[in-house]
2 protein chains.
Amino acid sequence: MNVLEKIVSSATSFSKSERKVADIILANPQITIHSSIAALAKMADVSEPTVNRFCRRLDTKGFPDFKLHLAQSLANGTPYVNRHVEEDDGPEAYTAKIFESTMAALDTARQRVDINMINRAVDVLTQAKKISFFGLGASASVAHDAQNKFFRFNVPVVCFDDIVMQRMSAINSSDGDVVVCISHTGRTKNLCDIAAIARENDATVIGITAYDSPLARECTLVLSLDVPEDTDMYMPMASRVAQLVLIDILATGFTLRRGSKFRENLKKVKDSLRGSRFEKKDFTN
Amino acid sequence: MNVLEKIVSSATSFSKSERKVADIILANPQITIHSSIAALAKMADVSEPTVNRFCRRLDTKGFPDFKLHLAQSLANGTPYVNRHVEEDDGPEAYTAKIFESTMAALDTARQRVDINMINRAVDVLTQAKKISFFGLGASASVAHDAQNKFFRFNVPVVCFDDIVMQRMSAINSSDGDVVVCISHTGRTKNLCDIAAIARENDATVIGITAYDSPLARECTLVLSLDVPEDTDMYMPMASRVAQLVLIDILATGFTLRRGSKFRENLKKVKDSLRGSRFEKKDFTN
DNA sequence: CGATTTGTTGTAATTTAATTACAAGACAAC
DNA sequence: GTTGTCTTGTAATTAAATTACAACAAATCG
């Protein structure tokens with residue numbers, strides 16, 4: 001937990017004067033790290049020892065040490081301590097908050113992801129006879145995106161966002177086929193059924209879903225992404241971005257496993273687009 | 001440029017003693033930020049003023065200020081200096097690199113994005129009679145995702161990834177309709193045509209695309225996202241994530257503009273899923 | 001309701017750390 | 001070999017942070 005978050009969470013245990021200090025610091029974190037203890041005390045209208053005591057309460061060695069911790073918190077980019085969008089946020093505020101919360105979500109995803117599982121998933125995918133991506137709702141667009149990546153690898157790839165098609169496809173699957181089921185919650189009944197059906201037909205089922213969810217239990221192999229979702233907006237946001245990055249990782253693992261010669265193939269796919277595009281005038285991206 | 005990088009890059013301009021200081025700091029950055037100037041001087045076997053001069057040479061106000069900058073550099077965590085995936089990277093390396101490069105891309109996107117344009121786009125979207133999202137290839141899944149968000153707002157939303165449908169839809173558009181064209185490069189001919197057609201028919205065309213691209217020139221309003229794309233893999237990766245976050249921002253702006261009562265509506269949409277899902281056993285997400 | 005204790009806050013003294021001024025030494029150029 | 005410049009360290013100074021202690025406020029208990 002970074003210092004800024006710590007200040008917020010231990011707010012209740014502060015005394016009156018300490019709260020004044022906390023308020024000033026939260027309001028001007030950037031100014032704080034460039035201020036002396038005297039300047040900060042003056043801003044908060046308290047004495048210098050009070051500031052010092054405040055720092056100690058936050059498990060730092062003293063004011064200079066506290067500034068160090070604060071600087072690190074800020075570097076991790078938390079201009080908005082509360083990253084949740086609020087009713088009266090202006091465009092500047094909500095734009096920054098959404099970028100920040102998405103980045104924070106990716107960071108926790110990175111820390112929690114199981115490299116071993118990724119490696120096994122890449123193994124399975126590179127050996128697949130056929131790969132199917134299934135998702136519903138918001139996860140359907142992730143499935144489409146996955147198809148857009150994996151079709152380049154010259155492997156049969158399908159993608160369905162229709163439960164009937166998914167079901168038929170699952171029933172027709174067999175040994176060597178890989179089915180990737182994508183669901184943030186992992187509690188969508190239809191998708192669980194499909195995972196079960198695919199498994200009964202000897203397909204390998206990879207789940208990109210929440211750890212220990214009903215869907216996860218139906219899968220051969222689970223890539224869990226426990227990302228804190230901002231539920232205020234009632235829309236999947238960060239979770240879906242993390243899923244996409246995971247798809248990128250699997251696709252990258254796939255290409256690396258296949259070696260450099262294979263990469264030439266990808267270049268061809270990309271070059272094939274040239275005719276449909278306006279030429280670049282210069283080398284800027 | 002962060003301080004650590006600065007130390008490396010200005011290595012040539014250091015004197016003999018300053019180099020000693022630089023070496024010690026680069027070797028033990030974590031220890032440095034918790035040391036006094038005296039301790040560091042002793043470690044580097046130089047005098048205290050030498051350390052101070054070293055700090056000044058790096059455009060910091062003095063030793064404490066230098067430590068602050070150093071702390072921030074360390075917090076920003078660049079475990080992989082080179083974030084590009086390489087031939088012989090193992091799963092651990094490429095996973096970390098892809099997460100990191102995606103986060104870095106989002107960070108530059110955040111810095112470069114034009115808040116003013118976002119605000120105008122939200123304006124236009126909230127007043128739209130009908131909203132259409134068009135994308136091709138990788139951008140098609142972004143368009144689908146946008147549809148998945150915006151349909152919740154009780155506004156007529158369509159999404160096409162088929163140029164014939166897009167064309168027909170564009171021709172049928174009229175004043176008050178908003179067409180959102182999504183393309184990373186902004187050089188896909190078909191999509192440019194469609195933007196032009198939509199504009200001829202009095203629709204407002206919002207482009208989520210590269211600044212000053214052919215597509216951008218056809219749009220009423222451009223949300224440019226100049227994200228450094230990792231082209232090694234010949235696949236769109238970071239750009240597409242940035243586009244999704246932009247969609248999230250527009251959707252959020254939309255809901256905020258509509259006020260709190262409208263948010264109840266979104267909750268209803270979300271609650272409607274309950275029947276199709278397994279119940280949560282606890283409150284973990 | 002008053003006395004006592006506990007906790008909070010500020011003043012002043014002290015200690016510690018960082019910076020400056022200056023002088024000695026090293027090195028290069030003439 | 002001498003002069004000038006650049007580098008480095010010593011000692012003095014200044015600035016900053018911390019500690020010790022006293023005054024005050026609030027809460028607890030008789």
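Note on naming: letters A, B, ... go to the chains in the order of the sequence lines (proteins, then strands), and numbering restarts at 1 for each one.
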Tell me, do B:M117 and B:V222 make a side-chain contact under 4.5 Å, heavy atoms counted? no
Measure from CD1 on A:I37 to P on C:dA18 and round the result to the nearest Å. 15 Å
Among the candidates D:dG9, C:dT19, C:dT11, find the nucleotide nearest to the side-chain atoms of B:E48. C:dT19
Give the rounded distance in Å between these two atoms: NZ of B:K42 and P of D:dT8. 21 Å
More than 12 heavy atoms from other groups under 6.0 Å of CZ on B:R257: yes
Whole Å only: how far is the CZ atom of A:F54 from the C1' atom of D:dT19? 20 Å
Under 4.0 Å between a side-chain nitrogen and a carboxylate oxygen: does that hold for B:R110 and B:D107? yes
So, OP1 or OP2 of D:dA17: does either fall under 4.0 Å of a side-chain N or O from A:R56? no
Short side-chain N/O contact to D:dT8 OP1/OP2 from B:S15, under 4.0 Å: yes
Comparing A:A38 and B:E18 on DNA chain D - which has the more 5′ nearest nucleotide: B:E18
Taken to the nearest whole Å, CG/B:L68 to C1'/C:dA18 is 15 Å
Under 4.0 Å between a side-chain N or O of A:T50 and OP1 or OP2 of C:dT8? no
Tell me: NZ of B:K67 to C1' of D:dA16, nearest whole Å? 13 Å
Nearest-Å distance for atom pair NZ/C1', residues B:K20 and D:dT8: 10 Å
What integer distance in Å separates B:R57:CZ from D:dC6:C1'? 10 Å
Checking D:dG9, C:dT19, D:dA17 against the side chain of B:R53 (C-beta onward), the nearest is D:dG9
Please work out which of the three classes, parallel, tilted or perpendicular, describes the rings of B:F54 and B:F66, given edges at 30° and 60°. perpendicular
Are A:L215 and A:T188 side-chain neighbours, meaning at least one heavy-atom pair lies under 4.5 Å? no
Between D:dA20, C:dA18, D:dA17, which nucleotide has the shortest distance from any of its atoms to the side chain of A:S36? D:dA17
Kindly point out which of C:dT11, C:dT19, D:dT7 is positioned nearest to the side chain of B:N52? C:dT19
Using whole Å, report how far CZ of B:R19 lies from P of D:dT8. 12 Å
Shortest side-chain distance from B:F63, nucleotide among C:dT19, C:dG10, D:dA17: C:dT19
